[in-house]
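Presented below is the structure to which this report refers.
Computed from a prediction, not measured in an experiment: that's the story for all the values here. Remember, it's 1-based here, ligands and their atoms both numbered in the order they're listed.
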Amino acid sequence: MTRNIAVIKGDGIGPEIVNEAMKVLDSAAQKFGHTFNYTQLLMGGCSIDAYGEPLTDETIAACKAADAVLMGSIGGNTTTSPWYKLPAHLRPEAGLLKLRKSLGLFANLRPCVLYPELRAACTLREDISEKGFDMLIMRELTGGLYFGERRTEEIDGVTTAIDTLKYDENEIRRIAVKAFEVAMKRNKKVTSVDKANVLDTSRLWRKIVEEVAKDYPEVTLEHALVDSTAMQIVRNPSQFDVMVTENMFGDILSDEAAMVTGSLGMLPSASLNETSFGLYEPSGGSAPDIAGKNIANPIAAILSGAMLLRYSFDMQAEADAVENAVKQVLAEGYRTGDIMSEGCKQVSCSEMGSLIAERV
Ligand code: NAD
């Protein structure tokens, strides 16, 4: 198969880690007889330097024309970089928000996996971490409290701030469908997280999720309250497969789940729209403190490439091959500096990419 991938390497460690992800994708393409064509685009600080804005209309159009987008990370040191002296709408992050919106990416997927070899980095007690976990948090990305009407005003002489939490049934239905579709490719369990004992939006969320569940009889559905879920993530994370939730709950729970794995450089993410199109990027930022030194961990970017194969190209065997190559390299004891532990072999960013590419 021939597929077109828009590539936004971005700033900081972005170019270093994306180069390794492309190396691994090419290795998968070669093994399985595919051709991946890459179109390199600028976004973030590098686009500000080249074009005076963080995201051009040409870049948006080129992303839309591709089958998927592979991204590194954008932004610089927020205290010292001149990019952060610009008005908010011209800063690097404004480009990312605009791109997500322009591409209609409403579902954010963050897998949180505890690899047996990295158990020492897990912040949980050993009797919990030894069971391992492999959950995927699906967060609604374009609605809810972060996009509702907001204002600050004087009411009866008291300064009062108001944010609005609003979801309509269509917004809930489309993300619920995505959650069940993804669960069908995993362990066939969906945990829908809400606050239905208090919020109207959560009661509607529950109702619509139950309606959608009827179309997926093979998938087990459970509902959970967000406060109890926050506790369960640290008490017994192995119980979860796909967790689906609204924007703010997902923002908080996905960081909590990421933290318990203990290694930011290992966590990929995907943002999807209604079609198979998606944007794939590591969960971490541009790490300006280590940029240009060839020491960043490329595994999150490489695993983002595996998600691209799985969710946008429906290449399950190819995605498995990449994920298994990552597991093998870890089992063989290779580590970048951020996940280094005693007795392991420390390698550079590019060496890690090559080791994984060779094992695909
Ligand atoms: P960060 O994630 O870039 O870095 C936090 C810490 O984690 C740093 O010590 C860094 O060295 C380390 N780290 C991150 N990724 C790593 C990797 N792959 N390998 C090894 N170590 C890694 O967060 P920050 O320092 O708060 O932000 C830096 C810049 O990144 C800011 O401009 C921020 O706005 C931007 N940012 C961008 C995105 C994105 O592009 N989606 C996401 C988050 C932050």
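- When each atom of ligand 1 is checked for a heavy atom of G285 under 4.0 Å away, the hits are 1 (P), 2 (O), 3 (O), 30 (O), 36 (N), 37 (C), 38 (C), 42 (C), 43 (C), 44 (C).
- Checked by distance only, ligand 1 and G72 stay at 3.5 Å or farther apart across all their nitrogen or oxygen atoms.
- The ligand atoms of ligand 1 that sit less than 4.0 angstrom from a heavy atom of S73 are 40 (O).
- Listed by atom number, the atoms of ligand 1 under 4.0 Å from T78 heavy atoms are 32 (O).
- The atoms of ligand 1 that sit less than 4.0 Å from any heavy atom of G284 are 2 (O), 42 (C).
- The proximity of I13 to ligand 1, defined as any non-hydrogen pair under 4.0 Å, is limited to the side chain.
- Here I290 has side-chain heavy atoms under 4.0 Å from ligand 1, and that is the only part of it that gets that close.
- By the 4.5 Å side-chain criterion applied to Ile, Leu, Val, Met, Phe, Trp and Tyr, I162 is assigned to a cluster that also includes I155.
- The N/O atoms of A296, backbone and side chain alike, include none that comes under 3.5 Å of an N/O atom in ligand 1.
- Contacts between A301 and ligand 1, counted as non-hydrogen atom pairs separated by less than 4.0 Å, are absent for every part of the residue.
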For a side chain to side chain contact (heavy atoms under 4.5 Å, CB included) check, start with the C-alpha distance between W205 and I175, then their side-chain angles and the critical distance, and finish with the verdict. CA-CA 10 Å; W205 183 279; I175 188 141; 3.8 Å; yes

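- In summary, the atoms of ligand 1 found under 4.0 Å from a heavy atom of E281, numbered by their order in the structure, are 41 (N).
- Salt bridge K189/E222: present, at least one basic N to carboxylate O contact under 4.0 Å.
- Note that atom 6 (C) of ligand 1 has no protein non-hydrogen atoms nearby, at separations under 4.0 angstrom.
- Looking at S283 next to ligand 1, no N or O pair under 3.5 Å apart turns up.
- Side-chain contact between L124 and V234 is present, with heavy atoms from C-beta onward closer than 4.5 Å.
- Judged by the shortest distance from any of its heavy atoms, I74 lies inside the 4.0 Å radius around the atoms of ligand 1.
- Taking any N or O of N77, backbone or side chain, none lies under 3.5 Å from an N or O belonging to ligand 1.
- Comparing I8, L267, L96 against atom 39 (C) of ligand 1, the shortest heavy-atom distance belongs to L96.
- Residue contact check: G75 has heavy atoms under 4.0 Å from atoms 32 (O) of ligand 1.
- Ligand 1 places these atoms under 4.0 Å from at least one heavy atom of Y84: 32 (O).
- For atom 26 (O) of ligand 1, no protein heavy-atom neighbour is present inside the 4.0 Å cut-off.
- Atoms of ligand 1 lying under 4.0 Å from at least one heavy atom of P288, given by number and element, are 28 (C).
- Under the 6.0 Å cut-off for aromatic ring centres, F313 and F32 do not qualify, their centroids lying 6.0 Å or more apart.
- Proximity of atom 2 (O) of ligand 1 to the protein is indicated by at least one non-hydrogen atom lying closer than 4.0 angstrom.
- Using a 4.0 Å cut-off between charged side-chain N and carboxylate O, E281 and R100 make a salt bridge.
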